[in-house]
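Below is one structure, written out as structure tokens; comments come after it.
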Amino acid sequence: MSKTLHNQVAIISGGLGDIGRAVALELARRGAFVAISDVRPSSHANEFLEAIRSLGVRARYDNVDVSSATEVATWIRNIESEFGVPTLIIPNAAIVTLKGVRSVTPEEWLRELSINLTGAFHMAQSAAMRLLDAKKPGRIVFIGSWAAHAPHPNITTYCVAKAGLRMLCKCMALDLAPAGILVNEVAPGYVNAGLSAQLWAKTPGSREKAAERVPTRELIEPHEVALEVAHLCEPENRHTTGSVILMDGGLSLVTPANK
Ligand SMILES: NC(=O)c1ccc[n+]([C@@H]2O[C@H](COP(=O)([O-])OP(=O)(O)OC[C@H]3O[C@@H](n4cnc5c(N)ncnc54)[C@H](O)[C@@H]3O)[C@@H](O)[C@H]2O)c1
């Protein structure tokens, strides 16, 4: 593979999760230096960092809670000192609370929004300000979800956070386009890993049922999400901004009238 992202510095939150790892590997394969963060202990990152470095790029791991603006700003400053200004920004960290509006507590609501929405904002804002100061172009790719536009009564907070993320993406895209910073969202449907897999593990047969609901009858693999993210990061993408790459196998097309 040609090193089309050579000279780029990628930062990925939730980088030890399933989709985060796949994105980190794909951007590294294309030549980017990679800085990942997560709330997991550093010992969980060592083997993965070696796998990234074996692709011939530099890599680092930091323990960063994205809900803290201070931790995120310090992380980005430290990366800049070691690798240079981050140019490919992937806000990916998220949690999901399996509760609807009748049972979710105010604390659970706030915590999920502070990670899934405000955490993504902290990262995108901090990184965008550094790019603007340095007068460098860049790419921000939010990891959204089809749940941003499809109500799910048992993951209400998650849907609200992803809907907010979508508007954040569009506002930032409009603001930052003149500076050459393109801002987009990749919105997967059911991924055969990560948050969905954690939920499916609780109910036997639920993974199969989910796959049956998808018009393509297929679940998405993390590396397929990574390919969409990487495509948006490529220098040849000069015009796509404020867009949502919806990759849900047609899930959003299913309505009571046609199922
Ligand atoms: N799995 C799916 O079906 C699916 C579908 C659509 C969108 N997504 C999105 O993909 C992204 C990645 O999710 P995943 O499925 O790989 O799940 P995952 O649980 O494997 O990864 C999420 C990572 O975020 C980390 N994290 C949690 N709280 C954090 C915090 N406060 N600060 C920093 N990191 C934190 C977790 O430790 C974890 O490693 C999320 O934005 C999710 O909403 C997933």
Side-chain angles (χ1 to χ4, degrees), residues 11-26 35-45 48 61-76 89-98 108 110-124 126 140-150 152 155 157-166 168-169 185-202 206-207 209-211 213-214 218-226 228-229 244-249 251-252:
I11 60 173
I12 303 154
S13 66
L16 291 180
D18 289 335
I19 292 173
R21 282 175 193 254
V23 171
L25 276 176
E26 187 56 36
I36 56 174
S37 70
D38 207 296
V39 285
R40 306 192 198 185
S42 301
S43 56
H44 291 202
F48 183 57
Y61 175 73
D62 291 273
N63 192 297
V64 178
D65 182 338
V66 290
S67 66
S68 159
T70 316
E71 285 189 30
V72 171
T74 305
W75 176 47
I76 290 175
I89 321 306
I90 322 294
N92 165 75
I95 59 168
V96 62
T97 310
L98 199 53
E108 288 166 333
L110 270 182
R111 176 160 184 267
E112 190 161 341
L113 287 182
S114 75
I115 296 170
N116 298 11
L117 177 56
T118 310
F121 162 73
H122 289 150
M123 184 173 166
S126 250
I140 300 173
V141 183
F142 291 103
I143 307 301
S145 169
W146 77 296
H149 65 266
H152 291 62
I155 51 168
T157 319
Y158 185 82
C159 293
V160 171
K162 292 296 184 184
L165 196 65
R166 185 153 298 176
L168 174 65
C169 169
E185 173 192 333
V186 170
Y190 294 145
V191 179
N192 190 20
L195 296 180
S196 292
Q198 290 155 30
L199 295 181
W200 294 329
K202 293 179 184 164
S206 55
R207 179 191 306 264
K209 273 202 188 124
R213 276 199 293 277
V214 185
E218 295 202 59
L219 299 175
I220 305 157
E221 294 302 326
H223 79 268
E224 296 177 293
V225 179
E228 296 291 349
V229 173
V244 179
I245 305 294
L246 177 63
M247 48 179 308
D248 70 352
L251 257 180
S252 305

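Just so you know, ligand 1 is whichever comes first in the structure, and atom 1 is the first atom listed for that ligand.
- The residue from Val72, Val39, Thr70, Asp38 that alone fulfils the side-chain contact (heavy atoms from CB on, under 4.5 Å) condition with Asp65 is Val39.
- By the 6.0 Å and 45° rule, Arg21 stacks over the aromatic ring of Phe48.
- Selection from Val39, Asn116, Leu16 by nearest heavy atom to atom 26 (N) of ligand 1 gives Val39.
- Using a 4.5 Å cut-off on side-chain heavy atoms (C-beta onward), Glu26 and Val229 make no contact.
- Here's the thing with Ile19: one of its N/O atoms is less than 3.5 angstrom from an N/O atom of ligand 1.
- Glu71 places no side-chain N or O within donor-acceptor distance of the main-chain N or O of Val64, the cut-off being under 3.5 Å.
- Residue-ligand proximity: Ala197 is placed with every non-hydrogen atom at 4.0 Å or more from ligand 1.
- Note: an N/O pair closer than 3.5 Å links Gly17 and ligand 1 by distance alone.
- In this structure the side chain of Asp18 never reaches within 4.5 angstrom of the side chain of Val191, judged on heavy atoms.
- Of the heavy atoms in Pro222, none comes closer than 4.0 Å to ligand 1.
- Residue Ser13 places no heavy atom under 4.0 Å from ligand 1.
- For Ser67, no nitrogen or oxygen atom sits less than 3.5 Å from a nitrogen or oxygen atom of ligand 1, counting backbone and side chain alike.
- Interatomic distance, CG of Leu98 versus NE2 of His152, reported as 11.0 Å (0.5 Å rounding).
- Close to ligand 1: Gly189, with a non-hydrogen atom less than 4.0 angstrom away.
- Side chain of Ser13 to main chain of Ala93: a donor-acceptor pair is present (N/O by atom type, distance under 3.5 Å, no hydrogens or angles).
- Proximity of Val64 to ligand 1, defined as any heavy-atom pair under 4.0 Å, is confined to the backbone N, CA, C and O atoms.
- Nearest to atom 2 (C) of ligand 1 by heavy atom, out of Ala148, Ser37, Ser196, is Ser196.
- The 12-atom threshold is exceeded at CD of Glu108, counting heavy atoms of other residues, nucleotides or ligands nearer than 6.0 Å.
- Some N or O of Ala193 is nearer than 3.5 Å to an N or O of ligand 1, by distance alone.
- Taking a 4.0 Å cut-off on heavy atoms, Val96 fails to register as neighbouring ligand 1.
- If you look at Ile115 next to ligand 1, the close heavy atoms, those under 4.0 Å, all belong to the side chain.
- Considering only non-hydrogen atoms, atom 40 (C) of ligand 1 lies nearest to Asn92 out of Ile143, Asn92, Val66.
- Residue Asp18 places at least one N or O, backbone or side chain, under 3.5 Å from an N or O of ligand 1.
- For ligand 1, the polar-atom distance check finds an N/O of Leu195 within less than 3.5 Å of one of the ligand's N/O atoms.
- Distance from atom 22 (C) of ligand 1 to its nearest protein heavy atom, with residue and atom name: Ala94 O, 3.7 Å.
- Between Val191 and ligand 1, an N or O atom pair is found at a separation short of 3.5 Å.
- Of the possible polar contacts, one joining the Asn116 side chain to the Ile95 backbone as a donor-acceptor pair under 3.5 Å is found.
- Contact analysis puts Tyr158 in contact with ligand 1, with a non-hydrogen atom separation below 4.0 angstrom.
- At distances below 3.5 Å, not a single donor-acceptor pair connects side-chain atoms of Asp62 with backbone N or O atoms of Ser37.
- Looking from atom 37 (O) of ligand 1 to the surrounding protein, the closest heavy atom is Asp38 OD1, 2.6 Å.
- Ligand 1 has Gln198 within reach: a non-hydrogen atom of the residue lies less than 4.0 Å from it.
- With contacts defined as side-chain heavy-atom distances shorter than 4.5 Å, the pair Val214/Asp248 does not qualify.
- Summarising the local packing, CZ of Arg111 is surrounded by 12 or fewer heavy atoms from other residues, nucleotides or ligands at distances under 6.0 Å.
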